[in-house]
Every structure is written in C-alpha cells, then in structure tokens.
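All remarks here apply to the structure that follows.
Only a predicted model underlies this, so the values are computations on that prediction, with no experimental measurement involved. Numbered from 1 within each chain, the chains take letters A, B, ... in sequence-line order.
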Amino acid sequence: MRLEALVQGSIRSVLDRLGLSPPEIPVDRPPHRELGDLSSRIAFLLTKELKKPPQGVAEELAKELSSHPAFSQVQAVQGFLNFRLRPQTLHGVLKEILQEGLAYGKGEEGRGKRLQVEFVSSNPTGPLTIGHGRQAALGDVLANLFSELGFQVTREYYLNDEGRQIELLAQSLWARYRQALGDPKPIPEGGYHGDYLIPIGEELAQKFGNAYPEWNAEAKKVFREEVVPRMLRMIEEDLEAIGVSFDVWTREGDIIRKGLVDEVLRRLREGGHVYEKDGAIWLSAKIHGLPRDPVLIRSDGTPTYLMVDIAYHLDKFRRGFDWVVDVQGADHVEEQQEVKLALRLLGIPENFLSYCLHQFVTLKGAEGIEKMSTRAGRFLRLKDLVDEVGRDATRYFMVMRKPESHLVFDFALAKKQSLENPVYYVQYAHTRIASVFREAQARGEFPEDLLSLDLSPLTGPEELQLIMELDRFPDVVRLAARGFSPHLLCEYLENLAGIFHPYYARVRILGQGRATPARLALLFGVKLVLFRGLSILGVRAPEEM
RNA sequence: GCGCCCGUAGCUCAGCGGAUAGAGUGCCGGCCUGCGGAGCCGGAGGCCGCAGGUUCAAAUCCUGCCGGGCGCACCA
C-alpha cells in the first residue's frame, strides 16, 4: 500500500471511532527529517469541530495511533502529527514496487477517456525554432503523462497552409527565385527574410528558368504549391530531431470544407452573439467581459483564423474527445479567451477545453538571436539545436521549468557531458546501477528472484529514504499531468538521483553478504523509477554512457 | 491605457496556506589502493520586489504600487 494511503487509513480508522469523518486527510512530508517520515495537519482541521487547540487534538490522535504496527513512533508537535515508519513498512513498499514493475506509477483516472493534445501547430512558413521546441517537448511530455493516467491520447497538429501568411511566404520565395536568376526583387512587406528560402529559390530557378518573371496569379499558385510541401518537410525533420510524432494532422481547409465555419456562424448569429460592422462580422465578446470584439468574417467574406479555430474546436468536440488540451505560446492569451467564450456560447461544456500556456525561450549566451522571429529570419532552427546538444538534453531542458515561466536555455550547460548538467546527473544514476548489475552478474551475486528476498538488511538512512522517495513517484506523475507541470518530474528525478549518488558513494553494494541481495533489490527499484521517469520525458535511460 | 505571465541565494530556478524558505550552479574548504571520481562531504550566501489587508498561521490568498516579458490586426 502507498504510504499516503496507509497514514490516511490509520487516521481515518481512529476518527471513525470518534464519530468524525473529515472529507480529506492531508498527508505531507515534514520539512525536516528529524521531525519524522510523514506528517499530517489533520489536527488543525478538526480544532473548530472539537473545540480544542490543534496540539490537544494531535496528542489525542497520537496516543491512539502509536500502537499501529506500521509506525515506530507517532508524535504530536505543535499541532502536527508526525509519523516515523518501521523499516518493515518500507520494505513492504519496495516489494510492491518491484511487483508492479513497469506498471508502477500508472493511474486509472483517465481510463476510458479520450484526450486530444494539440501542440506545435506552427504555420508551414519555415522550419521550427527553439521556441517551437519548447512546445514540442511540452506537448509530447504532457501526452505521455496523460497516457500514464490511462487516457487514450491523440497528438494532433493543426496545419494552417492557406491564407495571407502562406501567400507572403510564396512571394518571398518568388523574390529569392528572381534573385537566383540575377533579377533581384524585394521581399514583400511583412514577408519572410530567412536564408532557408534561398536554396529553394535557386532550385526553382533551375527548374523553371525564366518562366515567372512577374508576381501574378499564376506565379502565386505555382510558388505556393512548391513552397508548402518543402516547409512541411523541414518541420517534419525538426520534429523527428526532437523525437515527436503526431497521430493526426488537421488542415484549416478540412474544417472549412466540412461546413463547420458556416454552422458556427449560423448558430452564433441565431443566438445573437455576432453583429455586422464595416462589412465584417464581429463576435460580441466585450459584453462578456473580454477586452475587445474580434472579427470572425472579414469584409471580403473570408473567415479569420479565430473563426476557423472555433470551428476546429467544434470539430474536436464532435469527434468525441472527452477533453482537449491545447499547448500554446503566451502570445495567444486573448485568442484563448475568445475561443473559450465562443465554445460556451455554442453550448460546449466549459471543461472540454484546457490551455497549457507557456512563455518563451531565450538562449543564454547567443547574441543576435535572443529575440527570435521567423519572419525576420532571426532564429535558431530546432534541428540545429538538437544536433548540437542532443535530443535528450534538448527535451529535458525544454520541460525542466514550469511552462508559465520564461525559460533561459543555457546552451553551454546543456552541452556539457558532466554532472553539472541535470540530464546527465539523472542518466548517470541509471547507468551506474546498470553497471553495478553487470558487475553483480559477473560475480554471480545477482539474486535469482528479487521478489522473494529478505529485505531486512535495508536499515540505513539513505536506504529508507530512497524507498520513501520511490513511493512518491505515482503522485509526481499525477501532479505533473494535472498541473501541466512536467518540471515536477524533472525535479523529482534529480532529487532521487541526488539521494542515490551519495548513498552509492558511501555504501558498498557487492560482497556484503546478506545485505547485497537486499541492496540490489533496492537499486532495482531506483533504476525502475528512473527509467519510468526518463521514458515519460522521452529521454533515454542508458545502460552505458 | 487594457489583458495575461513573471519578480525567492551572485546566476538559473523549485516551493504557491502550515513547523528552522530549498536545489543546481558559482565561490571557499575537505575526500581519490575496492561496484564507473563523469563522484562524494562540509561552509559561507536570503527584509521570498514594495506597501497594506485576510488568517491561529502568508514566499504562498486579496488589493494597490514598482520592475520585466508577451499580447491588444479584417496576421496566424
């Protein structure tokens, strides 16, 4: 049984006898180890009902709980209830973890539920930058986390391969094409200045010769058809580099063709939520407390990005997802509020859609590209970053901070193959254990059956602490998923490795008689959880490095 | 001006109602005849942006201010 449940159960059974049943029984880890292994603030929550000070309540409970076989000591300190666990209790925990194996940490709360995670969804106007890299890593890790909880997860990329931006891109390419023919044309206002269009321009100069001297309707069509697939290929290369793949790609055009835009518009109009002004159709958002009324249909009759996005979300709803999580950059806040409002007006449940909003990435020690812009051609391509620092470090660094914080990507640190680098610190713990196992096998010290071992030699402080830490893993997975906070998993793994390394440095594993198999079992548990955690992050857990 | 996010150790960041505020890195000082020293141990370092308020209890919640980021297009 998990430790939290154990403590909760013990408290609840005492409270039952007193005729009390609080809705929740908090169980925490005390801030200092001397205070105990686990603690509860339950006494604070019962003071009102019992009309006694917290310390009095705690003392009363402590007396009742002291006889519980799982605890060696239960103390009341300043209203807190502090528990010290018997080693045997922790040995039982370790045994259960080993029994669960790779299933350890999985949850049930998502069982039978379909979840869509939409992320990246960058326009095909250029390769992905490191900014998209954060989103790619975040979305992918969130998807992994929710899979752990039992959700059936679909990773989806929304592709906007039409509209004004693509037109500007095509014209920018055309300008590069003319340039290659020795007929320099300016890149259009608001166009794309990146170098990546230059070789394509040269290629098209070869292919077409002087066939398109003017930027006209025909050139527009041809260059658009040439440019989009090439941009997509670049994006796919970037995604592959960082190890992300999507289950579904949805194009803006698909949504329009399904008639969903028309339907959304009709329903919003029937509800009186839109109005016409200056030939355009606007959503009445201000009366619902939003800062502005956005345009849904331009005066030329075409739908705005927002309009299609709303229709896209109706589509997601129709497709039967129970929940949708969109990962988006901080520049989309307003749109998020507008989409949510529109969905509400369409009668879609409020909790159908959640946003994981993240701030931007800055590169430390990279003058000139600190402020990136795809249009201006000032960026670092994601694939180039991965080629430089590796997939593991890239993914890890991208999710090691909470999404809503700015991320300073320390290029030099990510590249370091030493333990200052947190990725290596965690991976190295895994590798070290693998190495000990190899040595144990070679010496014939590796136990046949880990599950039927005598774990009683595990009594050292780090040994018990390691088991305590292993016990937290399922909670960390749940918290990281529920709070869109993969960084909690990074922190946890660093912490686990941070207990293991000193232990390993101080305590010998092999050739220690009865202690050896028990310690190997403990290390097996540590290795298992490191492996599970790293896998969720999409980071390798190497046997050798 | 309006909206959202962020101000915690020199730096990068956890903690987001509870007990003496943590980690990594950097700095100072120790530890290499055994399973990977790609390591380990110890130390110094903080008005938790500022000011009020709520609470038995605030880094954490509320209000105002100050500083930084992002947005505020009939772009996406």
(request) Round to the nearest Å and state the distance from A:Ile42 atom CD1 to B:rG18 atom P. (result) 15 Å
(request) Please determine, for B:rA9, whether a Watson-Crick or G-U wobble partner exists with both distances under 3.5 Å, and give it or none. (result) none
(request) Provide the distance between the two P atoms, one in B:rG49 and one in B:rC16, to the nearest whole Å. (result) 16 Å
(message) Base, sugar-phosphate or nothing for A:Leu419? Non-hydrogen atoms, less than 4.0 Å.
(response) sugar-phosphate
(request) Round to the nearest Å and state the distance from A:Phe500 atom CZ to B:rC41 atom P. (result) 13 Å
(request) Check whether the side chain of A:Ser299 and the base of B:rC74 form a donor-acceptor pair under 3.5 Å. (result) yes
(request) Determine, answering yes or no, if A:Phe80 is stacked on B:rA19 under the 5.5 Å centre rule and the 30° plane rule. (result) yes
(request) Could you please name the partner base of B:rC35, counting Watson-Crick and G-U wobble pairs only when both distances are under 3.5 Å? (result) none
(request) Using a 4.0 Å heavy-atom cut-off across all strands, classify A:Met545 as base, sugar-phosphate, or nothing. (result) base
(message) On the nucleotide B:rA21, are OP1 or OP2 found under 4.0 Å from the side-chain N or O atoms that A:His32 carries?
(response) no
(request) Take nucleotides 1-7 of chain B nucleotide by nucleotide from the 5' end and write B, S or -, depending on whether a protein heavy atom sits under 4.0 Å from the base, only from the sugar-phosphate, or from neither. (result) --SSSS-
(message) Taking A:Lys316 first and then A:Asp326, would you say they form a salt bridge - that is, a charged N and a carboxylate O separated by under 4.0 Å?
(response) yes
(message) Roughly how many Å apart are B:rC48 and B:rA9, using the C1' atom of each and rounding to a whole number?
(response) 10 Å
(request) Describe the nucleic acid contact of A:Asp309 in one word from base, sugar-phosphate, nothing, applying a heavy-atom distance below 4.0 Å. (result) nothing
(message) Need the glycosidic conformation of B:rC4: syn if within 90° of 0, anti if not. Which one?
(response) anti
(request) Say whether, by atom type as modelled, one donor and one acceptor occur between the side chain of A:Arg381 and the main chain of A:Met234 under 3.5 angstrom. (result) yes
(message) For A:Glu404 versus A:Gln359, what's the shortest heavy-atom pair and its separation?
(response) O-CG, 3.1 Å
(message) Check this for me: does any side-chain nitrogen of one of A:Arg164 and A:Glu167 sit under 4.0 Å from a carboxylate oxygen of the other?
(response) no
(message) Before you tell me yes or no, could you show the steps for A:Tyr504 and A:Phe500 under ring pair (Phe, Tyr, Trp, His ring centres under 6.0 Å), namely the whole-Å CA-CA distance, both residues' side-chain angles and the distance that decides it to 0.1 Å?
(response) CA-CA 6 Å; A:Tyr504 179 81; A:Phe500 167 73; 5.6 Å; yes
(request) Could you tell me which non-hydrogen atom of A:Leu168 sits nearest to which non-hydrogen atom of A:Gly190, and how far apart they are? (result) CD1-O, 3.7 Å
(message) Suppose we call a contact any N or O donor and acceptor under 3.5 Å apart; does that hold for the side chain of A:Thr304 and the base of B:rA73?
(response) no
(request) Check every strand shown and say whether A:Thr431 touches a base, only sugar-phosphate, or nothing at a heavy-atom separation below 4.0 Å. (result) base
(request) Indicate, with a heavy-atom threshold strictly under 4.0 Å, whether A:Pro30 touches base, sugar-phosphate, or nothing. (result) base
(message) Using heavy-atom distances to pick each residue's nearest nucleotide on RNA chain B, tell me which of A:Asp278 and A:Glu494 is more 5'.
(response) A:Glu494
(request) Mind checking A:Val507 for me? I need base, sugar-phosphate or nothing, with any heavy atom below 4.0 Å counting as a touch. (result) base
(message) Counting C-beta onward and ignoring hydrogens, is there a side-chain heavy-atom pair between A:Thr304 and A:Arg298 closer than 4.5 Å?
(response) yes
(message) What's the closest nucleotide to the side chain of A:Ser435 if the choices are B:rC35, B:rC40, B:rU12?
(response) B:rC35
(message) So if I take every side-chain heavy atom of A:Arg401 and compare against B:rC40, B:rU12, B:rA19, which nucleotide ends up nearest?
(response) B:rU12
(request) Could you check if a side-chain atom of A:Phe397 sits within less than 4.5 angstrom of a side-chain atom of A:Leu413, using non-hydrogen atoms only? (result) yes
(message) Mind checking if A:Thr302 touches a base, just sugar-phosphate, or nothing, with heavy atoms under 4.0 Å?
(response) nothing
(message) Within the 4.0 Å heavy-atom criterion, would you say A:Leu296 contacts the bases, only the backbone, or no part of the nucleic acid?
(response) nothing
(request) Kindly state whether the pair A:Tyr504 / B:rC35 counts as stacked, where counting means centroids closer than 5.5 Å and planes tilted less than 30° apart. (result) yes
(request) Grab the CD-P distance between A:Glu338 and B:rC72 for me, whole Å please. (result) 11 Å
(message) Return the pairing partner of B:rC72 with a 3.5 Å limit on both distances, Watson-Crick or G-U wobble; otherwise return none.
(response) B:rG1
(request) Mind calculating the distance between OH (A:Tyr492) and C1' (B:rG24) to the nearest angstrom? (result) 19 Å
(request) Indicate, with a heavy-atom threshold strictly under 4.0 Å, whether A:Glu544 touches base, sugar-phosphate, or nothing. (result) base
(request) Have a look at A:Arg292 and say if it touches a base, only the backbone sugar-phosphate, or nothing, with a 4.0 Å heavy-atom cut-off. (result) sugar-phosphate
(request) Please confirm whether any donor atom in the side chain of A:Asn495 sits under 3.5 Å from an acceptor in the base of B:rA23, or the reverse. (result) no
(message) Run the side-chain hydrogen bond (donor to acceptor under 3.5 Å, both in side chains) test on A:Glu252 and A:Asn160 for me, step by step, so that the C-alpha distance in whole Å, both residues' side-chain angles and the decisive distance to 0.1 Å come before the verdict.
(response) CA-CA 5 Å; A:Glu252 182 185 25; A:Asn160 199 306; 3.2 Å; yes
(request) Please measure how far the C1' atom in B:rA44 lies from the corresponding atom in B:rG10, and state the result in whole Å. (result) 13 Å
(message) For the P atoms, the ones on B:rC62 and on B:rG26, what distance do you get once it is rounded to whole angstrom?
(response) 37 Å
(request) With heavy atoms under 4.0 Å as the rule, sort A:His332 into base, sugar-phosphate or nothing. (result) base
(message) Regarding A:Arg41, tell me which of base, sugar-phosphate or nothing describes its non-hydrogen contacts under 4.0 Å with the strands shown.
(response) base
(message) In this structure, how many angstroms lie between the C1' atom of B:rC11 and the CZ atom of A:Phe411, rounded?
(response) 19 Å
(request) Map A:Asp331 and A:Glu252 onto RNA chain B by nearest heavy atom, then report which one ends up closer to the 5' terminus. (result) A:Asp331
(message) For A:Arg292, is there an ion pair with A:Glu338 - N to carboxylate O distance below 4.0 angstrom?
(response) yes
(request) Could you let me know what B:rC61 is paired to, Watson-Crick or G-U wobble, both distances under 3.5 Å, or none if it's on its own? (result) B:rG53
(request) State the pairing partner of B:rG42; accept Watson-Crick or G-U wobble contacts with both distances under 3.5 Å, and report none otherwise. (result) B:rC28
(request) Indicate, with a heavy-atom threshold strictly under 4.0 Å, whether A:Pro31 touches base, sugar-phosphate, or nothing. (result) base
(message) Once you apply a heavy-atom cut-off of 4.0 Å, does A:Tyr425 come out as touching a base, just sugar-phosphate, or nothing?
(response) sugar-phosphate
(message) Tell me the interatomic distance from A:Ile499, atom CD1, to B:rC40, atom P, rounded to whole angstroms.
(response) 13 Å
(request) Would you mind reading off the distance between A:Arg519 atom CZ and B:rC35 atom P, rounded to a whole angstrom? (result) 16 Å
(message) With a 4.0 Å cutoff (strictly under), does any side-chain N or O of A:Arg506 reach OP1 or OP2 of B:rC40?
(response) no
(message) Whether the side chain of A:Asp392 engages the backbone of A:Arg540 through a donor-acceptor N/O pair (distance < 3.5 Å, no angle test) should be reported.
(response) yes
(request) Could you let me know what B:rC47 is paired to, Watson-Crick or G-U wobble, both distances under 3.5 Å, or none if it's on its own? (result) none
(request) Could you tell me the separation between the CZ atom of A:Phe44 and the P atom of B:rG17, rounded to a whole number of Å? (result) 16 Å
(request) Before giving the answer on ring pair (Phe, Tyr, Trp, His ring centres under 6.0 Å), spell out for A:His501 and A:Tyr425 the whole-Å C-alpha distance, their side-chain angles and the decisive distance to 0.1 Å. (result) CA-CA 9 Å; A:His501 283 304; A:Tyr425 190 73; 4.6 Å; yes
(request) Any strand is fair game: report the nucleotide pairing with B:rG17 by Watson-Crick or G-U wobble, both distances under 3.5 Å, or none. (result) none
